[in-house]
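Along the sequence shown, residues carry numbers from 1.
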Amino acid sequence: MISVQRIEGIVPGEPDDLFVASTSFEAERCLAATRRLVNYRTRCAVILTLSPATTEEGERRKAEALGTMLSILSRCDLSGSPRILKVGRYDFPTLHDKISETLRRRQIGPGPLRITCDISCLTKVHLAFLIRQCRREWSDSNVRMLYTRPRNYNRKGSKFTRLSRGVFKPVPFPFIEEKKMENVEPRRLAIVLLGHEGQRTLSAWRRIDAEDTALFFPNSDDAKLRQKCESENGFLLGLARTRPGPFRVYPVEVELAAARHRARLVLDQLTPAKRTRVSIVPFGPKPILIGVLLALLERGNLPAELMYSVPQSYNVEYSSGVHDVYMFNMRDLHEEDRSMMAIF
């Protein structure tokens with residue numbers, strides 16, 4: 001990933017085919033990348049607004065962010081009219097169908113596309129299935145991701161209300177389907193991405209009942225963020241100290257390629273010939289989540305799911321400020337693989 005101050009088209013001087021971003025009550029974060037678009041044009045801009053509603057204040061912030069984003073992207077969209085899509089927070093099939101319909105109406109595709117997607121305020125569920133779509137449907141396209149890291153996450157109040165409010169309901173979202181049914185019960189491997197929502201993470205992990213648990217601990221350059229991650233996930237980290245066999249901690253850089261490499265090694269180590277189902281607890285940094293998802297898709301033969309703890313609501317003070325905006329191109333990973341094959 002690289003830090004960016006100015007965002008132009010994937011091919012300088014030419015329009016992209018599709019730009020996707022999501023509004024949010026995290027107004028500063030959801031607008032940061034859009035505000036850095038410079039001389040950017042696209043044949044189709046899509047703005048997502050997620051339901052259900054949050055709080056009255058959250059909806060007010062989201063509406064203001066939508067107005068600002070619409071104003072900016074109206075100048076970027078060649079038609080002058082970005083498409084606003086209202087979808088459920090966890091309803092990717094509807095989002096997929098609406099984006100496909102929008103592209104057909106604007107006579108974009110089929111064939112290789114140039115796509116820029118701001119993933120900053122997508123839910124982890126939408127993000128996971130977007131990555132799967134990139135691999136399965138847009139594999140020949142040039143897909144670029146933008147990611148805004150906030151300056152701070154909320155540290156005030158109870159751990160039960162600081163970022164999101166329970167009671168949490170763990171829901172499995174199938175990510176890679178079972179190829180065939182067998183009578184043998186599979187081993188369960190949990191890959192747990194640690195972050196700042198310890199209660200949601202613990203709730204999801206308990207639902208899995210895994211034989212092995214791999215804890216991915218983000219190697220942040222911010223000491224306070226590392227300490228916060230340790231305190232939020234103290235129970236699981238404590239199990240790794242007292243039961244080092246079934247529990248392992250893996251430090252991971254908050255960088256897509258590094259996370260993908262780590263996930264490949266963990267899958268090779270912890271998924272022997274015996275049938276294994278992988279459950280991902282996704283409440284760590286999004287670049288690490290993408291790396292894990294790509295490693296699973298490349299492996300291809302392991303059934304996998306997201307175990308997602310759905311909160312009652314989110315705290316509108318979830319994050320504040322903007323640390324930086326980062327960009328990475330999915331095509332660069334293919335180039336990296338080809339380079340490694342040439343070396344060996």
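Remark: the T148 side chain and the R29 side chain contain no N/O donor-acceptor pair separated by less than 3.5 Å.
Test R41, R83, R106 against D77 for salt bridge (charged side-chain N to carboxylate O under 4.0 Å, His left out) and you get one pass: R106. Of the candidates L48, T49, L127, D118, S22 forms a side-chain contact (heavy atoms from CB on, under 4.5 Å) with just one, namely L48.
Summarising the local packing, CZ of R6 is surrounded by 12 or fewer heavy atoms from other residues, nucleotides or ligands at distances under 6.0 Å. Atom CG of D97 is surrounded by more than 12 heavy atoms from other residues, nucleotides or ligands within 6.0 Å. The neighbour count for N301 CG, taken as heavy atoms of other residues, nucleotides or ligands under 6.0 Å away, is above 12.
For the pair E56 and R60, the salt-bridge criterion is not met [side-chain N within less than 4.0 Å of a carboxylate O]. Salt-bridge annotation for R36 and D324: present, with a side-chain N of the basic residue lying under 4.0 Å from a carboxylate O of the acidic one. Taking 4.0 Å as the cut-off between side-chain N and carboxylate O, R207 and E305 do not count as a salt-bridged pair. Using a 4.0 Å cut-off between charged nitrogen and carboxylate oxygen, R135 and E298 count as a salt-bridge pair. Remark: R61 does not engage E64 in a salt bridge, criterion side-chain N to carboxylate O under 4.0 Å.
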T201 vs E232, side chain to side chain contact (heavy atoms under 4.5 Å, CB included): CA-CA, chis, key distance, verdict: CA-CA 9 Å; T201 299; E232 281 285 328; over 6 Å; no
What do the steps show when you test S231 against K228 for side chain to side chain contact (heavy atoms under 4.5 Å, CB included), and what is the final call? CA-CA 5 Å; S231 64; K228 191 63 179 176; 4.1 Å; yes
Start with the C-alpha gap between I7 and R144, add the side-chain angles, then the distance that decides, and say whether side chain to side chain contact (heavy atoms under 4.5 Å, CB included) holds. CA-CA 11 Å; I7 302 167; R144 177 176 64 174; 3.9 Å; yes
Kindly indicate, with the supporting measurements, whether the criterion side chain to side chain contact (heavy atoms under 4.5 Å, CB included) is fulfilled by E230 and L194. CA-CA 9 Å; E230 289 174 357; L194 303 180; over 6 Å; no
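Side-chain atoms of V322 and L31, non-hydrogen and from C-beta on, never get closer than 4.5 Å to each other. Using a 4.5 Å cut-off on side-chain heavy atoms (C-beta onward), F217 and L215 make no contact. The side-chain heavy atoms of L73 and L37, taken from C-beta on, include a pair separated by under 4.5 Å. With a 4.5 Å cut-off on side-chain heavy atoms, I208 and V281 count as touching. In this structure, I288 and R262 have side chains that are not in contact, with every pair of non-hydrogen atoms separated by 4.5 Å or more. At least one side-chain heavy atom of L130 sits less than 4.5 Å from a side-chain heavy atom of W138. R132 is listed as a side-chain neighbour of L297, based on a closest heavy-atom distance under 4.5 Å. The closest side-chain heavy-atom distance from I119 to I290 is below 4.5 Å.
A donor-acceptor pair is defined here as one N or O able to donate and one able to accept, closer than 3.5 Å; such a pair exists between the side chain of D16 and the backbone of I10. Counting only distance, with no hydrogens or angles, the side chain of T123 and the backbone of Y90 share no donor-acceptor pair below 3.5 Å. With R43 contributing its side chain and L78 its backbone, the two residues share no donor-acceptor pair below 3.5 Å. Looking only at distances, a side-chain donor or acceptor of K62 sits under 3.5 Å from a matching main-chain atom of L50. In this structure, the side chain of N233 engages the main chain of C229 through a donor-acceptor pair within 3.5 Å. Side-chain N or O atoms of N219 include none that pairs as donor or acceptor with a backbone N or O of P251 at under 3.5 Å. Side chain of S141 to backbone of V143: no donor-acceptor contact under 3.5 angstrom is found. Listed for the S309 side chain is no donor-acceptor partner under 3.5 Å among the backbone atoms of V171.
Between F283 and Y308, the ring planes lie tilted relative to each other; the angle falls in the 30° to 60° range. H96 and F92 have tilted rings, their planes meeting at an angle from 30° to 60° on a 0 to 90° scale.
Distance CG/L270 to CD1/I191: 8.0 Å, rounded to 0.5 Å. Put simply, NZ on K86 and OG1 on T94 are 13.0 Å apart, with the number rounded to the nearest 0.5 Å. In this structure, L85 CG and T102 OG1 are separated by 5.0 Å, a value rounded to the nearest 0.5 Å. Interatomic distance, I176 CD1 to R299 CZ, rounded to the nearest 0.5 Å: 10.0 Å. Remark: I99 CD1 to I108 CD1 distance equals 11.5 Å, nearest 0.5 Å. Rounded to the nearest 0.5 angstrom, H323 NE2 and S3 OG are separated by 9.0 Å.
Cation-pi contact between R206 and F235: present, with separation from the ring centre below 6.0 Å and deviation from the ring axis of at most 45°.
Shortest non-hydrogen contact noted between P82 and I47 is CB-CD1, 4.2 Å. The minimum heavy-atom distance linking A190 with W205 is given by the pair CB-CD1, 4.1 Å. The two atoms that bring C30 and S24 nearest to each other are SG-N, 3.7 Å, heavy atoms only. Nearest heavy atom pair, residue L302 against residue T276, reads CD2-O, 3.9 Å. Nearest heavy atom pair, residue F19 against residue T42, reads N-OG1, 3.6 Å. Here the closest non-hydrogen pair linking I280 and P282 is O-CD, 3.5 Å.
Both V249 and L236 are assigned to one and the same hydrophobic cluster, defined by single-linkage of ILVMFWY side chains at heavy-atom distances under 4.5 Å. Using a 4.5 Å cut-off between side-chain heavy atoms of Ile, Leu, Val, Met, Phe, Trp and Tyr, with links allowed through other members, L146 and I2 fall into the same hydrophobic cluster.
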